[in-house]
Amino acid sequence: MITVTDLTKRYARHTAVDHISFEVHKGQIVGFLGPNGAGKTTTMRMLTCFLPPTSGNATVAGFDVLEQSFEVKKRIGYLPETPPLYPEMRTAEYLQFVGSLKGLAKAELAKRVDYVCERCAILDVKDKLLGKLSKGYRQRVGLAQAIIHNPDVLILDEPTSGLDPKQINETRELIKSLAGDHTILLSTHILPEVEQTCEQVIIINKGKLVATDSVSNLQNRARGAESLLVEVGARNGLMDPLKVQSSLELVPGVSRVHLKNKLDNRSIFEVESRKGLVRGDLARAVVEAGWDLNELRPTAVSLEEIFLQLTGEPAAAPAEEAVPAGVK
Amino acid sequence: MRNVWIICRKELRSYFVSPVAYILLAMFAVIFGFFFWNILGYFVFRGMESQMRGQMMPMNVNEEVIRPLLSNVSVIGLFLIPMITMRLFAEEKRTGTIELLATSPVSDVEVILGKWLSAMVLYASMLLLTAINFLFIFRYGHPDWKPLVIGYLGLLLQAGALLAIGTFISTLTKNQIIAGAATFGVCLLLWVLEWVSGYETATWARVLSYMSVITHFESFAKGLLDAKDAIFYVTLIFFGLFLTARSMESLRWRS
Ligand SMILES: Nc1ncnc2c1ncn2[C@@H]1O[C@H](COP(=O)(O)OP(=O)(O)OP(=O)(O)O)[C@@H](O)[C@H]1O
Ligand SMILES: [Mg+2]
(Lines give C-alpha, C1' and ligand atoms only; values in the text may rest on other atoms or scores of the structure.)
(Ligands and ions follow the chains in the order given, each with its own letter.)
Protein backbone atom coordinates (compact mmCIF):
# COMPACT_ATOMS: atom_id res chain seq x y z
CA MET A 1 0.00 0.00 0.00
CA ILE A 2 2.90 2.30 0.79
CA THR A 3 6.22 1.80 -0.94
CA VAL A 4 9.16 3.99 -0.13
CA THR A 5 12.42 3.72 -2.03
CA ASP A 6 15.56 5.67 -1.25
CA LEU A 7 13.54 8.57 0.02
CA THR A 8 15.69 11.56 0.95
CA LYS A 9 14.85 15.01 2.24
CA ARG A 10 17.52 17.63 2.62
CA TYR A 11 16.82 20.92 4.31
CA ALA A 12 19.12 23.85 3.77
CA ARG A 13 21.81 22.53 6.10
CA HIS A 14 21.20 18.97 7.07
CA THR A 15 19.61 15.83 5.80
CA ALA A 16 16.45 15.09 7.73
CA VAL A 17 15.65 11.84 5.93
CA ASP A 18 18.46 9.88 4.39
CA HIS A 19 17.77 7.21 1.77
CA ILE A 20 15.14 5.23 3.60
CA SER A 21 13.20 2.40 2.03
CA PHE A 22 10.35 0.38 3.44
CA GLU A 23 7.00 -1.10 2.57
CA VAL A 24 3.65 -1.20 4.27
CA HIS A 25 1.17 -3.82 3.17
CA LYS A 26 -2.57 -3.52 2.92
CA GLY A 27 -4.47 -3.73 6.19
CA GLN A 28 -1.38 -3.52 8.38
CA ILE A 29 -0.76 -1.22 11.29
CA VAL A 30 2.83 -0.13 11.19
CA GLY A 31 4.61 1.82 13.88
CA PHE A 32 7.07 4.42 12.80
CA LEU A 33 9.47 4.78 15.64
CA GLY A 34 12.34 7.11 16.37
CA PRO A 35 13.68 9.60 18.90
CA ASN A 36 13.00 13.34 18.60
CA GLY A 37 14.30 14.81 15.39
CA ALA A 38 14.66 11.42 13.72
CA GLY A 39 12.72 12.50 10.66
CA LYS A 40 9.37 10.88 11.28
CA THR A 41 7.30 13.96 10.62
CA THR A 42 9.37 14.82 7.58
CA THR A 43 8.83 11.36 6.11
CA MET A 44 5.10 11.52 6.73
CA ARG A 45 4.90 14.93 5.14
CA MET A 46 6.49 13.53 2.03
CA LEU A 47 4.08 10.60 2.00
CA THR A 48 1.13 12.98 2.23
CA CYS A 49 2.42 15.19 -0.59
CA PHE A 50 2.95 18.13 1.75
CA LEU A 51 6.68 18.21 1.10
CA PRO A 52 8.34 17.07 -2.10
CA PRO A 53 11.22 14.63 -1.59
CA THR A 54 14.73 15.81 -2.49
CA SER A 55 15.36 12.45 -4.15
CA GLY A 56 13.99 8.95 -4.21
CA ASN A 57 10.32 8.22 -4.50
CA ALA A 58 7.30 6.96 -2.68
CA THR A 59 4.02 5.54 -3.81
CA VAL A 60 0.82 5.43 -1.82
CA ALA A 61 -1.97 3.12 -2.97
CA GLY A 62 -0.04 2.67 -6.19
CA PHE A 63 0.28 6.37 -7.02
CA ASP A 64 3.47 8.39 -6.99
CA VAL A 65 3.46 11.15 -4.39
CA LEU A 66 5.12 13.60 -6.73
CA GLU A 67 3.63 12.78 -10.12
CA GLN A 68 0.13 11.76 -9.11
CA SER A 69 -0.29 13.71 -5.91
CA PHE A 70 -3.95 14.38 -6.59
CA GLU A 71 -4.77 10.67 -6.62
CA VAL A 72 -2.69 10.13 -3.49
CA LYS A 73 -4.41 12.96 -1.64
CA LYS A 74 -7.81 11.45 -2.39
CA ARG A 75 -6.80 8.19 -0.74
CA ILE A 76 -5.06 9.30 2.42
CA GLY A 77 -6.25 10.53 5.75
CA TYR A 78 -3.61 12.51 7.58
CA LEU A 79 -3.37 13.60 11.18
CA PRO A 80 -0.46 16.04 11.40
CA GLU A 81 1.60 16.53 14.55
CA THR A 82 -0.68 19.38 15.60
CA PRO A 83 -4.29 18.66 14.66
CA PRO A 84 -5.22 21.13 11.89
CA LEU A 85 -8.24 22.72 13.55
CA TYR A 86 -9.80 26.11 12.94
CA PRO A 87 -10.47 27.56 16.40
CA GLU A 88 -13.48 29.57 15.25
CA MET A 89 -15.33 26.55 13.84
CA ARG A 90 -17.58 24.12 15.63
CA THR A 91 -16.79 20.41 15.58
CA ALA A 92 -19.59 19.25 13.27
CA GLU A 93 -19.18 22.24 10.99
CA TYR A 94 -15.46 21.58 10.76
CA LEU A 95 -15.93 17.92 9.92
CA GLN A 96 -18.39 18.91 7.22
CA PHE A 97 -15.88 21.32 5.79
CA VAL A 98 -13.13 18.70 5.72
CA GLY A 99 -15.50 16.12 4.27
CA SER A 100 -16.52 18.35 1.39
CA LEU A 101 -12.89 19.31 0.85
CA LYS A 102 -12.09 15.62 0.47
CA GLY A 103 -14.81 15.32 -2.13
CA LEU A 104 -17.70 13.76 -0.22
CA ALA A 105 -21.10 14.36 -1.77
CA LYS A 106 -23.61 16.33 0.21
CA ALA A 107 -25.91 13.38 0.81
CA GLU A 108 -23.11 11.31 2.27
CA LEU A 109 -21.64 14.10 4.32
CA ALA A 110 -24.09 14.21 7.20
CA LYS A 111 -23.97 10.43 7.59
CA ARG A 112 -20.19 10.36 7.66
CA VAL A 113 -19.99 13.19 10.18
CA ASP A 114 -22.34 11.33 12.53
CA TYR A 115 -20.41 8.14 12.00
CA VAL A 116 -16.95 9.54 12.75
CA CYS A 117 -18.27 11.51 15.72
CA GLU A 118 -19.53 8.30 17.21
CA ARG A 119 -16.43 6.38 16.28
CA CYS A 120 -14.08 8.91 17.84
CA ALA A 121 -16.30 9.57 20.86
CA ILE A 122 -16.76 13.26 20.18
CA LEU A 123 -20.54 13.34 20.07
CA ASP A 124 -20.68 15.41 23.23
CA VAL A 125 -18.54 18.19 21.76
CA LYS A 126 -20.28 18.24 18.39
CA ASP A 127 -21.45 21.82 18.76
CA LYS A 128 -18.50 23.20 20.65
CA LEU A 129 -15.98 25.66 19.30
CA LEU A 130 -12.77 23.85 18.37
CA GLY A 131 -10.70 26.57 20.01
CA LYS A 132 -12.28 25.69 23.33
CA LEU A 133 -11.68 21.94 23.26
CA SER A 134 -9.21 20.24 25.56
CA LYS A 135 -6.06 18.75 24.08
CA GLY A 136 -7.45 15.23 24.12
CA TYR A 137 -10.61 16.21 22.30
CA ARG A 138 -8.62 18.20 19.78
CA GLN A 139 -6.62 15.08 19.07
CA ARG A 140 -9.79 13.05 18.62
CA VAL A 141 -11.35 15.58 16.29
CA GLY A 142 -8.07 15.46 14.38
CA LEU A 143 -8.47 11.71 14.09
CA ALA A 144 -12.11 12.06 13.06
CA GLN A 145 -11.05 14.49 10.37
CA ALA A 146 -8.53 11.98 9.07
CA ILE A 147 -11.08 9.19 8.63
CA ILE A 148 -14.03 11.27 7.45
CA HIS A 149 -13.73 10.21 3.81
CA ASN A 150 -12.97 6.57 4.63
CA PRO A 151 -9.49 6.66 3.09
CA ASP A 152 -7.48 3.58 2.17
CA VAL A 153 -4.40 4.78 3.97
CA LEU A 154 -4.16 6.56 7.31
CA ILE A 155 -1.06 8.45 8.25
CA LEU A 156 -1.06 9.49 11.88
CA ASP A 157 1.69 11.60 13.38
CA GLU A 158 1.86 10.90 17.11
CA PRO A 159 -1.87 10.27 17.51
CA THR A 160 -1.68 9.79 21.28
CA SER A 161 0.57 12.67 22.24
CA GLY A 162 -0.81 14.79 25.05
CA LEU A 163 -3.57 12.41 26.05
CA ASP A 164 -4.21 11.04 29.53
CA PRO A 165 -3.69 7.29 30.09
CA LYS A 166 -7.35 6.48 29.71
CA GLN A 167 -7.62 8.41 26.48
CA ILE A 168 -4.39 6.85 25.24
CA ASN A 169 -5.93 3.43 25.69
CA GLU A 170 -9.16 4.45 24.01
CA THR A 171 -7.30 5.98 21.10
CA ARG A 172 -5.17 2.87 20.69
CA GLU A 173 -8.27 0.70 20.67
CA LEU A 174 -9.82 3.01 18.13
CA ILE A 175 -6.77 2.82 15.90
CA LYS A 176 -6.69 -0.96 16.21
CA SER A 177 -10.35 -1.16 15.28
CA LEU A 178 -9.70 0.90 12.19
CA ALA A 179 -7.02 -1.47 11.00
CA GLY A 180 -9.33 -3.84 9.16
CA ASP A 181 -10.38 -1.43 6.43
CA HIS A 182 -7.45 0.95 6.48
CA THR A 183 -3.72 0.64 6.16
CA ILE A 184 -2.20 2.61 9.00
CA LEU A 185 1.20 4.16 9.47
CA LEU A 186 1.54 5.82 12.85
CA SER A 187 4.54 7.55 14.30
CA THR A 188 5.42 7.62 17.94
CA HIS A 189 8.28 7.59 20.35
CA ILE A 190 6.32 5.75 22.97
CA LEU A 191 7.42 2.14 22.85
CA PRO A 192 4.61 0.34 24.64
CA GLU A 193 2.33 1.89 22.10
CA VAL A 194 4.07 0.05 19.31
CA GLU A 195 4.09 -3.17 21.28
CA GLN A 196 0.37 -2.88 21.88
CA THR A 197 -0.96 -1.58 18.62
CA CYS A 198 1.36 -2.42 15.78
CA GLU A 199 2.25 -5.57 13.95
CA GLN A 200 5.22 -4.11 12.22
CA VAL A 201 7.82 -1.56 13.27
CA ILE A 202 10.01 0.74 11.30
CA ILE A 203 12.73 2.34 13.37
CA ILE A 204 14.61 5.38 12.16
CA ASN A 205 17.28 7.45 13.82
CA LYS A 206 18.89 10.66 12.60
CA GLY A 207 17.20 10.22 9.25
CA LYS A 208 18.49 6.70 8.66
CA LEU A 209 16.52 3.49 8.66
CA VAL A 210 17.69 1.32 11.54
CA ALA A 211 15.35 -1.63 11.45
CA THR A 212 12.13 -2.78 9.92
CA ASP A 213 10.58 -5.96 11.21
CA SER A 214 7.60 -7.41 13.01
CA VAL A 215 7.34 -6.60 16.68
CA SER A 216 7.84 -10.19 17.85
CA ASN A 217 10.81 -10.76 15.56
CA LEU A 218 12.48 -7.66 16.84
CA GLN A 219 12.01 -8.78 20.40
CA ASN A 220 13.62 -12.10 19.63
CA ARG A 221 16.33 -10.53 17.62
CA ALA A 222 17.66 -8.38 20.42
CA ARG A 223 18.60 -11.35 22.52
CA GLY A 224 18.79 -14.77 21.01
CA ALA A 225 18.42 -16.23 24.46
CA GLU A 226 15.84 -16.02 27.15
CA SER A 227 16.65 -14.19 30.30
CA LEU A 228 15.13 -15.06 33.66
CA LEU A 229 14.99 -13.31 36.94
CA VAL A 230 15.43 -15.65 39.90
CA GLU A 231 15.06 -14.69 43.52
CA VAL A 232 16.32 -17.23 46.02
CA GLY A 233 15.66 -16.97 49.74
CA ALA A 234 17.35 -18.68 52.65
CA ARG A 235 15.03 -20.99 54.57
CA ASN A 236 16.82 -20.61 57.84
CA GLY A 237 19.73 -18.46 58.72
CA LEU A 238 22.16 -17.16 56.20
CA MET A 239 23.02 -18.37 52.77
CA ASP A 240 26.01 -17.93 50.59
CA PRO A 241 25.04 -16.27 47.32
CA LEU A 242 28.14 -17.57 45.61
CA LYS A 243 27.16 -21.09 46.40
CA VAL A 244 23.72 -20.50 44.97
CA GLN A 245 25.25 -18.99 41.90
CA SER A 246 27.49 -21.95 41.24
CA SER A 247 24.68 -24.42 41.69
CA LEU A 248 22.50 -22.48 39.31
CA GLU A 249 25.28 -22.51 36.80
CA LEU A 250 25.30 -26.31 36.96
CA VAL A 251 21.72 -26.51 35.69
CA PRO A 252 21.82 -27.82 32.12
CA GLY A 253 21.04 -25.15 29.52
CA VAL A 254 22.09 -22.20 31.62
CA SER A 255 24.73 -20.12 29.94
CA ARG A 256 25.39 -17.36 32.41
CA VAL A 257 24.33 -16.44 35.94
CA HIS A 258 24.74 -12.94 37.15
CA LEU A 259 24.24 -11.88 40.75
CA LYS A 260 22.24 -8.75 40.57
CA ASN A 261 21.43 -8.01 44.15
CA LYS A 262 22.43 -9.47 47.49
CA LEU A 263 20.33 -8.94 50.60
CA ASP A 264 20.52 -10.48 54.07
CA ASN A 265 18.48 -13.53 53.44
CA ARG A 266 17.73 -13.48 49.75
CA SER A 267 19.58 -12.93 46.51
CA ILE A 268 18.47 -11.97 43.07
CA PHE A 269 20.07 -13.46 39.99
CA GLU A 270 19.73 -12.90 36.34
CA VAL A 271 19.98 -16.15 34.53
CA GLU A 272 20.57 -16.37 30.83
CA SER A 273 19.73 -19.57 29.14
CA ARG A 274 19.14 -21.08 25.79
CA LYS A 275 15.55 -20.66 24.93
CA GLY A 276 13.30 -23.31 26.33
CA LEU A 277 12.87 -25.64 29.15
CA VAL A 278 15.24 -24.61 31.87
CA ARG A 279 12.73 -23.14 34.28
CA GLY A 280 11.66 -26.46 35.76
CA ASP A 281 15.23 -27.57 36.26
CA LEU A 282 16.15 -24.28 37.82
CA ALA A 283 13.30 -24.45 40.28
CA ARG A 284 14.12 -28.01 41.22
CA ALA A 285 17.80 -27.21 41.73
CA VAL A 286 16.96 -24.38 44.11
CA VAL A 287 14.44 -26.30 46.13
CA GLU A 288 16.52 -29.50 46.33
CA ALA A 289 19.43 -27.52 47.71
CA GLY A 290 17.18 -26.42 50.55
CA TRP A 291 16.55 -22.81 49.56
CA ASP A 292 13.32 -21.02 48.85
CA LEU A 293 12.41 -20.02 45.36
CA ASN A 294 10.77 -16.64 45.89
CA GLU A 295 10.42 -15.60 42.34
CA LEU A 296 11.11 -16.91 38.87
CA ARG A 297 10.03 -14.91 35.88
CA PRO A 298 11.22 -14.17 32.39
CA THR A 299 12.44 -10.64 31.88
CA ALA A 300 10.89 -9.88 28.54
CA VAL A 301 13.27 -7.93 26.42
CA SER A 302 11.33 -4.77 25.98
CA LEU A 303 11.29 -2.86 22.77
CA GLU A 304 12.82 -0.14 24.81
CA GLU A 305 16.08 -2.02 25.03
CA ILE A 306 16.02 -2.93 21.37
CA PHE A 307 15.28 0.60 20.52
CA LEU A 308 18.11 1.96 22.60
CA GLN A 309 20.47 -0.68 21.27
CA LEU A 310 19.56 0.04 17.70
CA THR A 311 19.65 3.78 17.97
CA GLY A 312 22.95 3.50 19.78
CA GLU A 313 22.04 5.49 22.80
CA PRO A 314 23.88 4.75 26.09
CA ALA A 315 21.50 2.00 26.91
CA ALA A 316 22.32 -1.08 28.89
CA ALA A 317 24.11 0.29 31.93
CA PRO A 318 21.51 2.61 33.39
CA ALA A 319 18.70 0.23 32.55
CA GLU A 320 20.27 -2.59 34.56
CA GLU A 321 21.06 -0.37 37.46
CA ALA A 322 17.44 0.60 37.65
CA VAL A 323 16.12 -2.91 38.14
CA PRO A 324 17.49 -3.78 41.58
CA ALA A 325 16.34 -0.50 42.95
CA GLY A 326 12.84 -1.40 41.91
CA VAL A 327 13.06 -4.91 43.35
CA LYS A 328 13.91 -3.75 46.83
CA MET B 1 -15.17 25.20 -9.02
CA ARG B 2 -16.94 23.44 -6.18
CA ASN B 3 -13.74 23.55 -4.16
CA VAL B 4 -13.35 27.28 -4.73
CA TRP B 5 -16.78 27.79 -3.26
CA ILE B 6 -16.05 25.47 -0.30
CA ILE B 7 -12.92 27.43 0.59
CA CYS B 8 -14.62 30.77 0.02
CA ARG B 9 -17.54 29.84 2.26
CA LYS B 10 -15.20 28.72 4.99
CA GLU B 11 -13.25 31.99 4.85
CA LEU B 12 -16.41 34.06 4.89
CA ARG B 13 -17.59 32.14 7.90
CA SER B 14 -14.38 32.88 9.77
CA TYR B 15 -14.65 36.56 8.84
CA PHE B 16 -18.18 36.80 10.10
CA VAL B 17 -17.83 34.57 13.14
CA SER B 18 -14.90 36.54 14.47
CA PRO B 19 -15.23 40.27 15.08
CA VAL B 20 -12.98 41.05 12.08
CA ALA B 21 -15.77 41.56 9.58
CA TYR B 22 -17.92 43.60 11.93
CA ILE B 23 -15.08 45.86 12.99
CA LEU B 24 -14.17 46.50 9.36
CA LEU B 25 -17.78 47.10 8.37
CA ALA B 26 -18.32 49.44 11.30
CA MET B 27 -15.12 51.37 10.68
CA PHE B 28 -15.90 51.72 7.03
CA ALA B 29 -19.48 52.79 7.66
CA VAL B 30 -18.49 55.42 10.22
CA ILE B 31 -15.62 56.90 8.22
CA PHE B 32 -17.62 56.89 5.03
CA GLY B 33 -20.63 58.37 6.77
CA PHE B 34 -18.47 61.19 8.08
CA PHE B 35 -17.11 61.94 4.63
CA PHE B 36 -20.56 61.71 3.15
CA TRP B 37 -22.19 64.22 5.47
CA ASN B 38 -19.22 66.56 5.22
CA ILE B 39 -19.31 66.65 1.46
CA LEU B 40 -23.06 66.91 1.43
CA GLY B 41 -22.96 69.69 4.01
CA TYR B 42 -20.45 71.59 1.95
CA PHE B 43 -22.57 71.10 -1.15
CA VAL B 44 -25.68 72.44 0.59
CA PHE B 45 -23.70 75.35 2.03
CA ARG B 46 -22.45 76.31 -1.42
CA GLY B 47 -25.92 75.99 -2.79
CA MET B 48 -27.31 78.41 -0.21
CA GLU B 49 -24.38 80.76 -0.71
CA SER B 50 -24.97 81.06 -4.43
CA GLN B 51 -28.67 81.57 -3.83
CA MET B 52 -27.96 84.44 -1.44
CA ARG B 53 -25.76 86.09 -4.04
CA GLY B 54 -28.67 85.73 -6.38
CA GLN B 55 -26.69 83.88 -9.02
CA MET B 56 -27.93 80.54 -10.22
CA MET B 57 -24.76 78.56 -10.78
CA PRO B 58 -25.47 75.16 -12.24
CA MET B 59 -24.62 72.57 -9.61
CA ASN B 60 -24.14 68.93 -10.42
CA VAL B 61 -24.59 66.27 -7.76
CA ASN B 62 -22.58 63.76 -9.76
CA GLU B 63 -19.62 66.06 -10.15
CA GLU B 64 -19.64 67.60 -6.74
CA VAL B 65 -20.83 64.88 -4.39
CA ILE B 66 -20.52 61.48 -5.94
CA ARG B 67 -17.15 61.88 -7.61
CA PRO B 68 -15.19 63.10 -4.56
CA LEU B 69 -16.98 60.53 -2.41
CA LEU B 70 -15.92 57.67 -4.63
CA SER B 71 -12.34 58.88 -4.54
CA ASN B 72 -12.55 58.96 -0.77
CA VAL B 73 -13.90 55.42 -0.65
CA SER B 74 -10.97 54.24 -2.70
CA VAL B 75 -8.61 55.85 -0.20
CA ILE B 76 -10.34 54.36 2.83
CA GLY B 77 -10.07 51.05 1.05
CA LEU B 78 -6.29 51.35 0.98
CA PHE B 79 -6.27 51.34 4.76
CA LEU B 80 -8.77 48.55 5.29
CA ILE B 81 -7.57 46.12 2.66
CA PRO B 82 -4.49 44.99 4.64
CA MET B 83 -6.80 44.10 7.51
CA ILE B 84 -8.87 41.90 5.22
CA THR B 85 -6.04 39.97 3.65
CA MET B 86 -3.45 39.71 6.40
CA ARG B 87 -4.86 36.58 7.97
CA LEU B 88 -5.67 34.67 4.78
CA PHE B 89 -2.54 32.52 4.62
CA ALA B 90 -0.45 33.73 7.57
CA GLU B 91 -2.98 32.35 10.03
CA GLU B 92 -3.14 28.95 8.31
CA LYS B 93 0.61 28.75 8.37
CA ARG B 94 0.78 29.66 12.02
CA THR B 95 -1.81 27.18 13.24
CA GLY B 96 -0.71 24.41 10.88
CA THR B 97 -4.09 24.15 9.15
CA ILE B 98 -2.26 24.78 5.89
CA GLU B 99 -1.23 21.13 6.21
CA LEU B 100 -4.87 20.13 5.91
CA LEU B 101 -5.43 22.22 2.79
CA ALA B 102 -2.19 21.11 1.18
CA THR B 103 -2.89 17.42 1.72
CA SER B 104 -6.49 17.55 0.53
CA PRO B 105 -7.46 16.89 -3.08
CA VAL B 106 -7.79 20.56 -3.97
CA SER B 107 -5.36 22.50 -6.11
CA ASP B 108 -3.44 25.54 -4.95
CA VAL B 109 -5.27 27.64 -7.51
CA GLU B 110 -8.63 26.66 -6.05
CA VAL B 111 -7.47 27.54 -2.54
CA ILE B 112 -6.12 30.91 -3.67
CA LEU B 113 -9.21 31.80 -5.69
CA GLY B 114 -11.48 30.80 -2.82
CA LYS B 115 -9.61 32.98 -0.37
CA TRP B 116 -9.37 35.94 -2.70
CA LEU B 117 -13.07 35.69 -3.54
CA SER B 118 -13.99 35.70 0.13
CA ALA B 119 -11.96 38.88 0.60
CA MET B 120 -13.78 40.38 -2.39
CA VAL B 121 -17.15 39.47 -0.93
CA LEU B 122 -16.24 41.11 2.37
CA TYR B 123 -15.09 44.25 0.58
CA ALA B 124 -18.21 44.26 -1.57
CA SER B 125 -20.38 44.06 1.52
CA MET B 126 -18.54 47.08 2.88
CA LEU B 127 -19.35 48.93 -0.34
CA LEU B 128 -22.95 47.87 0.00
CA LEU B 129 -23.11 49.82 3.24
CA THR B 130 -21.99 52.96 1.45
CA ALA B 131 -24.69 52.43 -1.12
CA ILE B 132 -27.25 53.08 1.60
CA ASN B 133 -25.94 56.63 1.88
CA PHE B 134 -26.30 57.11 -1.86
CA LEU B 135 -29.91 55.95 -1.70
CA PHE B 136 -30.42 59.06 0.38
CA ILE B 137 -29.17 61.24 -2.48
CA PHE B 138 -31.48 59.51 -4.91
CA ARG B 139 -34.36 60.16 -2.54
CA TYR B 140 -33.80 63.93 -2.61
CA GLY B 141 -32.00 64.58 -5.86
CA HIS B 142 -31.82 63.25 -9.35
CA PRO B 143 -28.23 62.27 -10.00
CA ASP B 144 -27.31 60.15 -12.97
CA TRP B 145 -27.04 56.54 -11.79
CA LYS B 146 -24.78 55.25 -14.56
CA PRO B 147 -21.59 57.00 -13.40
CA LEU B 148 -22.28 55.69 -9.93
CA VAL B 149 -22.42 52.10 -11.14
CA ILE B 150 -19.21 52.57 -13.09
CA GLY B 151 -17.59 54.15 -10.04
CA TYR B 152 -18.50 51.13 -7.95
CA LEU B 153 -17.15 48.82 -10.61
CA GLY B 154 -13.89 50.76 -10.44
CA LEU B 155 -13.81 50.43 -6.67
CA LEU B 156 -14.27 46.68 -6.94
CA LEU B 157 -11.56 46.35 -9.55
CA GLN B 158 -9.14 48.47 -7.59
CA ALA B 159 -9.82 46.53 -4.40
CA GLY B 160 -9.50 43.26 -6.30
CA ALA B 161 -5.99 44.22 -7.37
CA LEU B 162 -4.90 45.29 -3.90
CA LEU B 163 -6.56 42.25 -2.30
CA ALA B 164 -4.64 39.99 -4.68
CA ILE B 165 -1.40 41.66 -3.67
CA GLY B 166 -2.36 41.38 0.00
CA THR B 167 -3.12 37.69 -0.46
CA PHE B 168 0.31 37.21 -1.94
CA ILE B 169 2.02 39.01 0.94
CA SER B 170 0.08 36.88 3.41
CA THR B 171 1.74 33.74 2.03
CA LEU B 172 5.18 35.11 2.84
CA THR B 173 4.95 35.03 6.62
CA LYS B 174 3.41 33.23 9.56
CA ASN B 175 2.80 36.52 11.30
CA GLN B 176 -0.46 38.35 10.54
CA ILE B 177 0.84 41.66 11.82
CA ILE B 178 3.84 41.55 9.53
CA ALA B 179 1.62 40.59 6.60
CA GLY B 180 -0.75 43.45 7.39
CA ALA B 181 2.00 46.03 7.81
CA ALA B 182 3.77 44.99 4.62
CA THR B 183 0.52 45.04 2.67
CA PHE B 184 -0.25 48.48 4.00
CA GLY B 185 3.20 49.68 2.93
CA VAL B 186 2.76 48.30 -0.57
CA CYS B 187 -0.76 49.72 -0.91
CA LEU B 188 0.43 53.11 0.22
CA LEU B 189 3.33 53.05 -2.19
CA LEU B 190 1.07 52.05 -5.08
CA TRP B 191 -1.05 55.02 -4.15
CA VAL B 192 1.58 57.75 -3.76
CA LEU B 193 3.47 56.76 -6.90
CA GLU B 194 1.08 59.09 -8.63
CA TRP B 195 2.64 62.12 -6.89
CA VAL B 196 5.73 62.14 -9.08
CA SER B 197 3.58 63.22 -12.01
CA GLY B 198 3.02 66.48 -10.14
CA TYR B 199 6.49 67.82 -10.79
CA GLU B 200 8.11 65.57 -13.37
CA THR B 201 7.14 64.59 -16.88
CA ALA B 202 10.09 62.41 -17.86
CA THR B 203 9.41 58.85 -18.96
CA TRP B 204 10.34 57.30 -15.62
CA ALA B 205 7.87 59.53 -13.87
CA ARG B 206 5.15 58.66 -16.33
CA VAL B 207 5.85 54.96 -15.80
CA LEU B 208 5.76 55.33 -12.04
CA SER B 209 2.61 57.34 -12.19
CA TYR B 210 1.10 54.75 -14.50
CA MET B 211 1.79 52.09 -11.86
CA SER B 212 -0.22 53.95 -9.29
CA VAL B 213 -3.60 52.43 -8.55
CA ILE B 214 -5.03 55.92 -8.08
CA THR B 215 -4.20 57.13 -11.59
CA HIS B 216 -6.44 54.48 -13.04
CA PHE B 217 -9.28 55.24 -10.73
CA GLU B 218 -9.82 58.78 -12.00
CA SER B 219 -11.75 57.77 -15.08
CA PHE B 220 -13.98 55.44 -13.04
CA ALA B 221 -14.67 58.23 -10.53
CA LYS B 222 -15.75 60.44 -13.41
CA GLY B 223 -18.11 57.72 -14.48
CA LEU B 224 -16.18 56.82 -17.60
CA LEU B 225 -15.55 53.19 -18.38
CA ASP B 226 -12.08 53.21 -19.90
CA ALA B 227 -10.93 49.82 -21.13
CA LYS B 228 -7.26 50.70 -20.55
CA ASP B 229 -7.85 51.30 -16.87
CA ALA B 230 -10.01 48.23 -16.43
CA ILE B 231 -7.32 46.16 -18.09
CA PHE B 232 -4.71 47.60 -15.75
CA TYR B 233 -6.63 46.42 -12.70
CA VAL B 234 -7.44 43.03 -14.15
CA THR B 235 -3.79 42.53 -15.02
CA LEU B 236 -2.80 43.45 -11.50
CA ILE B 237 -5.32 40.95 -10.12
CA PHE B 238 -3.89 38.17 -12.25
CA PHE B 239 -0.35 39.20 -11.39
CA GLY B 240 -1.07 39.16 -7.64
CA LEU B 241 -2.79 35.78 -7.78
CA PHE B 242 -0.04 34.38 -9.96
CA LEU B 243 2.58 35.49 -7.44
CA THR B 244 0.50 33.87 -4.71
CA ALA B 245 0.48 30.58 -6.59
CA ARG B 246 4.23 30.73 -7.15
CA SER B 247 4.81 31.57 -3.52
CA MET B 248 2.77 28.59 -2.36
CA GLU B 249 4.69 26.32 -4.66
CA SER B 250 8.09 27.56 -3.56
CA LEU B 251 6.96 27.34 0.05
CA ARG B 252 6.93 23.59 -0.34
CA TRP B 253 10.23 23.35 -2.07
CA ARG B 254 11.96 25.66 0.32
CA SER B 255 10.81 24.40 3.70
N1 LIG C 1 11.29 23.25 7.95
C2 LIG C 1 12.47 22.76 8.36
N3 LIG C 1 13.61 23.39 8.04
C4 LIG C 1 14.81 22.91 8.44
N5 LIG C 1 14.97 21.80 9.17
C6 LIG C 1 13.86 21.13 9.54
C7 LIG C 1 12.56 21.57 9.15
N8 LIG C 1 11.66 20.70 9.64
C9 LIG C 1 12.36 19.76 10.32
N10 LIG C 1 13.69 20.01 10.25
C11 LIG C 1 14.75 19.17 10.85
O12 LIG C 1 14.67 17.87 10.34
C13 LIG C 1 14.91 16.91 11.36
C14 LIG C 1 13.79 15.92 11.44
O15 LIG C 1 12.63 16.57 11.91
P16 LIG C 1 11.25 15.84 12.11
O17 LIG C 1 10.27 16.87 12.51
O18 LIG C 1 10.95 15.03 10.91
O19 LIG C 1 11.56 14.89 13.34
P20 LIG C 1 10.56 13.92 14.12
O21 LIG C 1 11.09 12.55 13.98
O22 LIG C 1 9.17 14.13 13.69
O23 LIG C 1 10.77 14.42 15.62
P24 LIG C 1 9.70 14.51 16.81
O25 LIG C 1 9.66 13.16 17.45
O26 LIG C 1 10.31 15.51 17.72
O27 LIG C 1 8.41 14.95 16.24
C28 LIG C 1 15.12 17.69 12.64
O29 LIG C 1 16.50 17.73 12.91
C30 LIG C 1 14.60 19.06 12.34
O31 LIG C 1 15.35 20.03 13.00
MG1 LIG D 1 7.48 14.78 14.57
Under 4.5 Å from a heavy atom of chain B, the part of A/Tyr78 involved: side chain
Distance-only side-chain donor-acceptor flag, B/Thr171 / B/Ser247, under 3.5 Å: yes
Short side-chain donor-acceptor distance under 3.5 Å, A/Asp18 and A/Thr8: no
Basic-acidic side-chain contact under 4.0 Å: A/Glu93, B/Arg13: yes
Region of A/Val72 in contact with chain B, defined by heavy-atom distances below 4.5 Å: neither
Toward chain A, the part of B/Val106 with a non-hydrogen atom under 4.5 Å: both
A/Leu79 portion near chain B, given a 4.5 angstrom heavy-atom threshold: neither
Point-to-point distance, once rounded to the nearest 0.5 Å, from CZ of B/Phe28 to CG of B/Leu80: 6.5 Å
Chain A contact via B/Ser18 - which portion, at a heavy-atom distance below 4.5 Å: neither
Part of B/Glu110 within contact of chain A (heavy atom distance under 4.5 Å): neither
Check ion pair B/Glu92-B/Lys10 (N to O, under 4.0 angstrom): yes
Portion of A/Arg45 that has a non-hydrogen atom of chain B nearer than 4.5 angstrom: side chain
Within 45° cone of B/Tyr15 ring axis and under 6.0 Å: B/Arg87 NZ or CZ: yes
Which of A/Lys73, A/Glu81, A/Glu71 touches chain B most, by non-hydrogen pairs under 4.5 Å: A/Lys73
A/Phe22 ring center within less than 6.0 Å of A/Phe32 ring center: yes
Largest heavy-atom contact set with chain B, pairs under 4.5 Å, which of A/Cys49, A/Ser100, A/Ser69, A/Pro83: A/Ser100
